[in-house]
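In what follows, a single structure is set out as structure tokens and then discussed.
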Amino acid sequence: MLEKFADKFRLDDQTMALRVANEFSDGDVVNLGIGTPTLASNLIPTDKEVLFHSENGVLGYGQICTAGEGSHDLVNAGGQPVEYKPGMCLLEHSESFAVVRGGWLDYTVLGGMQVAENGDFANWMVPKKKVGTIGGAMDLAMCSKNVIVLMNHMTNKGVFKIVKEVSYPFTGHQCVDMVITDIAVIAVTDEGMVLKEVAPTWTPEEVQECTEPKLIIPPDVKDVQLA
Amino acid sequence: MAINKIVANLEEAVADIHDGAMIHVGGFGTIASAPSQLLEAVSRLDVKDLTLVSNSGGFGIEIWGEHDIAVLHQTNKVKKHIVSAPVNPLIINDLEKKFRAGELEMEMVPQGTMAERIRAARAGLGGILTPVGLGTVIEEGKQVIEVDGKKFLLETPLKADFALIRAYKADRWGNLIYRGTSRTFNATMAGAARITIAEVEEIVELGDLGPEEIITPGIYVNRVVKRTGAGKASDDYDEVARRAAEKKAKEA
């Protein structure tokens with residue numbers, strides 16, 4: 001984050017996950033990436049039937065279990081035990097990715113390193129490291145109906161993560177539809193990036209300062225919508 | 001002579017694994033889904049220059065007294081690793097250390113592409129066409145094929161000499177069932193090698209596994225070996241399903 005905004009309020013991981021959970025409707029099939037996105041499976045209202053898919057071969061799992069509970073034979077992609085849920089089914093790995101590649105996922109939520117204004121996306125390797133984990137990210141980013149990236153708006157050192165052009169190795173081209181950060185919600189459209197929501201106390205102009213490409217700022221920018 | 005694929009112990013199960021062999025290693029990366037006792041048995045063999053195919057590069061730490069795939073890096077058995085998730089943010093594993101030191105080759109593969117390349121080997125396909133990886137480093141050196149105006153990468157089958165997999169129950173024909181998400185790459189890799197070896201919690205009578213429940217047909221499996229010890233990683237899955245049913249009954 002920029003030095004001048006270092007003391008400003010920012011959404012924590014749980015709140016960012018709650019914001020993304022608010023996108024899903026009854027019947028949606030959703031894959032949650034490792035890290036902050038996985039928290040969203042715990043934040044769905046009990047009367048909403050969202051089918052969570054995990055790459056390791058489960059469709060329709062429940063919440064992440066309390067520490068010490070659950071089974072290591074029923075885990076999400078992050079290896080966390082999750083709850084058994086009626087209607088849940090299991091898939092071997094190529095079937096699990098047939099679900100991904102076949103376009104059966106309504107939403108994929110992934111962590112990110114860089115998102116460009118045209119929706120280009122990088123999330124698997126810092127170039128100087130020469131090794132990174134692709135995992136399921138390329139399949140998920142390129143083949144899901146909607147791709148939401150959940151990440152901090154800038155690096156800790158205040159470097160742009162929402163950029164004009166991606167400079168890290170690509171995960172996918174023009175695939176991101178929405179970015180939810182610790183200070184804003186941004187839609188990626190054919191016209192460019194549209195600022196939809198800001199975190200409490202933030203102005204659209206301040207969010208723009210933290211964003212490399214020029215944002216389209218409509219008159220009706222809202223506070224972050226959590227319900 | 002009746003069919004009997006059950007072998008007496010882990011040592012016998014892996015005895016013919018040789019220098020330079022290509023080996024599929026099942027599981028996702030979690031210890032509960034890993035063929036961990038077969039991996040330990042291979043780590044004790046006098047073999048080198050193995051090529052491994054696995055989803056994860058492993059953590060390299062002992063959990064519940066068991067090791068993951070990193071045990072083969074720790075014992076210097078590996079020449080090349082074909083892998084989807086080589087590294088993780090929690091730990092710098094042996095694969096990452098050796099790769100950085102220039103001591104082994106690595107091929108990074110998107111996870112869905114890896115699964116389908118393995119399935120293609122079992123299914124007798126000459127390759128698969130996938131859009132995944134187009135315009136990324138994955139495309140380098142690969143053929144791009146256009147079908148109905150859409151571009152795809154040609155990815156070739158991954159056929160191994162051996163597949164080491166983990167299952168829950170087996171019968172003497174090699175029919176297998178799995179528990180929960182531990183099915184993962186284990187069921188994908190069964191049959192995608194010249195010799196498939198399954199490490200299982202339990203061996204049951206032929207007929208105990210019903211035709212509706214068998215996930216891997218025995219024809220894909222060459223050897224079955226029973227795990228030694230309690231199998232702590234897996235013993236709570238049924239309990240979870242039972243408790244979920246109980247909770248539901250209470251709420252109704």
Side-chain angles (χ1 to χ4, degrees), chain A residues 34-35 46 54-58 61-62 65 69-86 88 90-102 111 120-122 124-125 129-143 169-174, chain B residues 28-33 55-57 83-89 95-96 99-100 106 108-116 118-120 130-138 168 178-189 215-216 233-241 243-245 248:
Chain A
I34 296 174
T46 48
S54 186
E55 298 94 294
N56 52 324
V58 56
Y61 66 86
C65 297
E69 302 218 327
S71 162
H72 288 275
D73 278 331
L74 185 58
V75 296
N76 63 20
Q80 296 163 304
V82 291
E83 286 184 358
Y84 168 97
K85 212 177 162 190
M88 180 184 88
L90 301 160
L91 311 163
E92 65 79 42
H93 226 93
S94 66
E95 193 61 48
S96 180
F97 275 82
V99 168
V100 177
R101 234 183 293 97
D120 284 354
F121 181 43
W124 69 277
M125 183 165 77
K129 286 202 158 176
K130 293 193 171 59
V131 52
T133 277
I134 298 170
M138 284 188 183
D139 298 83
L140 289 161
M142 289 174 85
C143 302
F170 276 90
T171 303
H173 291 265
Q174 298 182 32
Chain B
F28 185 65
T30 58
I31 202 82
S33 63
N55 182 54
S56 161
V83 60
S84 159
V87 297
N88 65 74
L95 171 59
E96 185 170 357
F99 178 72
R100 285 191 191 290
M106 178 159 45
M108 289 183 274
V109 185
Q111 204 170 98
T113 299
M114 173 177 271
E116 208 63 22
I118 294 164
R119 200 193 79 85
T130 174
V132 175
L134 283 168
T136 75
V137 294
I138 297 303
Y168 173 38
Y178 305 85
R179 271 210 289 208
T181 46
S182 295
R183 186 183 305 185
T184 174
F185 269 106
N186 291 306
T188 313
M189 288 171 168
I215 303 295
T216 295
S234 290
D235 56 9
D236 41 10
Y237 180 71
D238 292 337
E239 175 64 12
V240 171
R243 282 212 305 262
K248 189 182 171 219

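In what follows, every chain begins at residue 1, and chains take the letters A, B, ... in the order their sequences are listed.
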Contact check, side chains of B:Gln111 and A:His93, non-hydrogen atoms, under 4.5 Å: yes
Contacting region of A:Phe97 [heavy-atom separation from chain B under 4.5 Å]: side chain
Atom group of B:Val87 that falls short of 4.5 Å from chain A, counting heavy atoms: both
A:Thr133 side, atom OG1; B:Glu96 side, atom CD - distance, nearest 0.5 Å: 8.5 Å
Minimum heavy-atom distance B:Ser182-A:His72, with the two atoms named: OG-O, 4.3 Å
Distance-minimising heavy-atom pair for B:Thr113 and A:Arg101: N-NH2, 4.4 Å
Shortest non-hydrogen contact from B:Val132 toward A:Met138: CG1-CB, 3.6 Å
Which portion of B:Ile215 sits near chain A, non-hydrogen atoms under 4.5 angstrom: neither
Part of B:Met106 within contact of chain A (heavy atom distance under 4.5 Å): side chain
Intermediate values then yes/no, side chain to side chain contact (heavy atoms under 4.5 Å, CB included), B:Arg100 and A:Lys129: CA-CA 9 Å; B:Arg100 285 191 191 290; A:Lys129 286 202 158 176; 4.0 Å; yes
Interchain contact, A:Ser54 with chain B, by part (heavy-atom threshold 4.5 Å): neither
For B:Thr181 against A:Val75, the heavy-atom pair lying closest together: OG1-N, 3.0 Å
All ring pair (Phe, Tyr, Trp, His ring centres under 6.0 Å) counterparts of B:Tyr178, not counting sequence neighbours: none
B:Thr30 side, atom OG1; A:Asp73 side, atom CG - distance, nearest 0.5 Å: 8.0 Å
Inter-residue atom distance B:Thr130.OG1 - A:Met142.CE, 0.5 Å rounding: 8.0 Å
Contact origin within B:Phe28 toward chain A - heavy atom pairs under 4.5 Å: side chain
Full working for side chain to side chain contact (heavy atoms under 4.5 Å, CB included) between B:Leu95 and A:Val131: CA-CA 10 Å; B:Leu95 171 59; A:Val131 52; over 6 Å; no
Closest non-hydrogen atom pair between A:Gly132 and B:Pro86, with its separation: O-CG, 3.3 Å
Under the salt bridge (charged side-chain N to carboxylate O under 4.0 Å, His left out) test, residues paired with A:Glu92 that sit two or more places apart: none
Region of A:Ala77 that comes under 4.5 Å of a non-hydrogen atom in chain B: both
Residue of the set A:Leu91, A:Val58, A:Leu90 for which side-chain contact (heavy atoms from CB on, under 4.5 Å) holds with B:Arg183: A:Leu90
Smallest separation among heavy atoms of B:Thr184 and A:Asn56, with atom names: CB-O, 3.6 Å
Residue among B:Leu134, B:Val137, B:Asn55 with most heavy-atom pairs under 4.5 Å to chain A: B:Leu134
Among B:Ala187, B:Pro131, B:Pro110, residue most engaged with chain A (heavy-atom pairs, under 4.5 Å): B:Pro110
